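Everything numeric here is computed off the predicted structure, so don't read it as measured data.
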Amino acid sequence: MSMLTIGDFARASRLSAKALRRYDELGLLPPARVDPYTGYRYYARDQVERARLVAWLRRIDMPLAEIGQVCALYETDPSGAARAVRGYWARVEAETSARRDLAASLVDRLGGPVDMTDTANATTTAARPYGLLFAALSERGHVRETNQDRAHAGPRLLAVADGYGAAGERAATAALAEIEALPAVRAQGPDRIGDLLNALEDGVRRADTAVGAAAPGSGTTLTAGVWTGERLALAHVGDGRAYLLRDGEFVRLTRDHTVVQARVEAGELDPAEAAAHPDRALLLKALDGAGTSVPVPDLSLHEGRPGDRWLLCTDGLSAVVPEPELKRALAAGSEPGQTVRTLAALALAEGRGGPDNVSCVVAVVVRDVDRAVR
């Protein structure tokens, strides 16, 4: 078989020799042969296509761990690889839209016009407040002695918290109470987006302090969304999750603040291994009121459209029920009360055993505000 030196392969694939060595270390693009005496790398000509695919995916800033998944799919299921790229790009566009909304808010605050069409090719529309149909459910599960989760669903606030430690239930309750008390949650009508995000971040800081006072030595995760009638503003700390189902596309809106997720993103751990890793619940961020620095929440904005279905959940659901099953439950089109019961039943089903507390919130965006539950 004709072999290429690392220099020739770098030129053919348009990847640098340094990048090729890095991808070899990660198992993403290992050479076909390594000289046992010199350590020099040689590549097969039929590896060029995979290398070019890696280069293209890096150009759209796809994380290395996801590139490995796409490349593996491409070898056996090209259409599956295409779906994975579409899913990644949907997340990128959602994040770009969120940043555009924040930029518009900053322009507004600084006294300029809000229309961002010239810089972002966005299409502005008239204000169109929509309502929500919503439901929340929290179950103890089959193993835990107590339920340390808390969940809230209302016309303005959707939130889940997963307490841990001896007083985890008090920690979760205290965190949610601070978010529920925010003027931005109690107010009616849309908010200036910058003000809303600032209020959410301040609320998370107060929640951290409240957890430290109410449950010293314990802590909680928190994923909370405030609905303005047009957008959902999310604040996220920990390993709870938020998802959006729109037009058949199911997108995760949050990233886990865990040791295992950090290793996956660094390309040190395969996502398939991460799901069963013994340290998968080891948190990098949580609210415990014990540190000198308050955890900074991930903040994001997401436009809402009629028919959108939002899911917020603790890891008692997401860790045991695969995302395709979560998607099917949401896509069934049942009213939110039935959907949260279906989701909880999936986690508690025989064979999964409900090893943790299970909490979820489901909300559906509706055009008729009068139809929304209040």
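Taking both residues in full, the closest heavy atoms of Arg150 and Ala172 are given as CG-CB, 3.7 Å, listed atom of the first, atom of the second, then distance. When every heavy atom of Ile179 is checked against every heavy atom of Ala224, the shortest pair comes out as CG2-CB, 4.1 Å. Of all heavy-atom pairs spanning Leu132 and Gly154, the tightest one is CD1-O, 4.3 Å. Annotation for Ala135 and Val340: closest pair O-CG1, 3.7 Å, computed over non-hydrogen atoms. For the residue pair Ala235 and Leu299, the shortest heavy atom distance occurs at CB-CD2, 3.7 Å. Leu234 and Gly225 make their closest contact through CD2-CA, 3.8 Å (heavy atoms, listed as atom of the first residue, atom of the second, distance).
The side-chain hydrogen bond (donor to acceptor under 3.5 Å, both in side chains) contacts involving residues 17-27 comprise Asp24-Arg41, where partners must be two or more places apart or lie in separate chains. Listed by first and then second residue, the salt bridge (Lys or Arg N to Asp or Glu O under 4.0 Å) pairs that reach into residues 214-228 come to none, sequence neighbours excluded. Judged as a ring-ring contact (aromatic ring centres under 6.0 Å, His included), not a single pair has a partner in residues 68-89 (not counting sequence neighbours).
Partners of His152 by ring-ring contact (aromatic ring centres under 6.0 Å, His included), not counting sequence neighbours: none found. Residues meeting the side-chain hydrogen bond (donor to acceptor under 3.5 Å, both in side chains) test with Thr342, sequence neighbours left out: Gln338. Residues that satisfy the side-chain hydrogen bond (donor to acceptor under 3.5 Å, both in side chains) test with Glu178, not counting sequence neighbours, are absent from this structure. By the ring-ring contact (aromatic ring centres under 6.0 Å, His included) test, Phe250 is found to be paired with Tyr243, residues two or more places apart in sequence or in another chain being considered. Partners of Arg33 by salt bridge (Lys or Arg N to Asp or Glu O under 4.0 Å), not counting sequence neighbours: none found. Residues satisfying the salt bridge (Lys or Arg N to Asp or Glu O under 4.0 Å) test with Arg58, not counting sequence neighbours, are none. Remark: Asp356 pairs with Arg144 by the salt bridge (Lys or Arg N to Asp or Glu O under 4.0 Å) rule, at least two apart or across chains.
Between Arg341 and Glu139 there is no salt bridge, since none of the side-chain N atoms of the basic residue sits less than 4.0 Å from a carboxylate O of the acidic one. The pair Glu323-Arg241 meets the salt-bridge criterion, since a charged nitrogen lies less than 4.0 angstrom from a carboxylate oxygen.
With hydrogens and angles ignored, the 3.5 Å screen pairs a side-chain donor or acceptor of Arg50 with a backbone N or O of Leu28. Listed for the Lys327 side chain is a donor-acceptor partner under 3.5 Å among the backbone atoms of Gly248.
Note: the hydrophobic cluster containing Leu244 does not contain Leu330 (ILVMFWY, side chain heavy atoms under 4.5 Å, direct or indirect links). There is no path of hydrophobic side-chain contacts, each under 4.5 Å, that joins Leu245 to Leu133.
At least one side-chain heavy atom of Val362 sits under 4.5 Å from a side-chain heavy atom of Leu311. Within the 4.5 Å cutoff, the side chain of Arg52 has no heavy atoms near those of the Glu49 side chain. In this structure, the side chains of Phe134 and Val364 stay at 4.5 Å or more apart for every pair of heavy atoms. Val48 is listed as a side-chain neighbour of Leu4, based on a closest heavy-atom distance under 4.5 Å. For the pair Ser300/Leu253, no side-chain contact is recorded, criterion being any heavy-atom separation below 4.5 Å from C-beta on. For the pair Leu326 and Leu317, the minimum side-chain heavy-atom distance is below 4.5 Å. Counting heavy atoms from C-beta on, the side chains of Phe9 and Leu29 come closer than 4.5 Å. Counting heavy atoms from C-beta on, the side chains of Tyr164 and Asp288 come closer than 4.5 Å.
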For Leu343 and Cys313, run side chain to side chain contact (heavy atoms under 4.5 Å, CB included): C-alpha distance rounded to whole Å, both residues' side-chain angles, the deciding distance at 0.1 Å, then the answer. CA-CA 10 Å; Leu343 290 166; Cys313 64; over 6 Å; no

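The hydrophobic cluster containing Leu73, built from Ile/Leu/Val/Met/Phe/Trp/Tyr side-chain heavy atoms closer than 4.5 Å, comprises no other residue.
For the side chain to side chain donor-acceptor pair (under 3.5 Å) with Asp298, the qualifying choice from Arg255, His257, His236 is His257, the only one to do so. With Val160 as the partner, the side chain to side chain contact (heavy atoms under 4.5 Å, CB included) test is satisfied by one option alone out of Leu176, Thr223, Asp149: Thr223.
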Listing, residues 213-220 side-chain donor-acceptor contacts under 3.5 Å, not counting sequence neighbours, or none:
unit_1, atom_1, unit_2, atom_2, d
Ser218, OG, Ala166, N, 3.3
Ser218, OG, Ala167, N, 2.9
Thr220, OG1, Asp162, N, 3.4
Thr220, OG1, Asp162, O, 3.3

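Side-chain atoms of Asn357 and Thr314 include no donor-acceptor pair closer than 3.5 Å.
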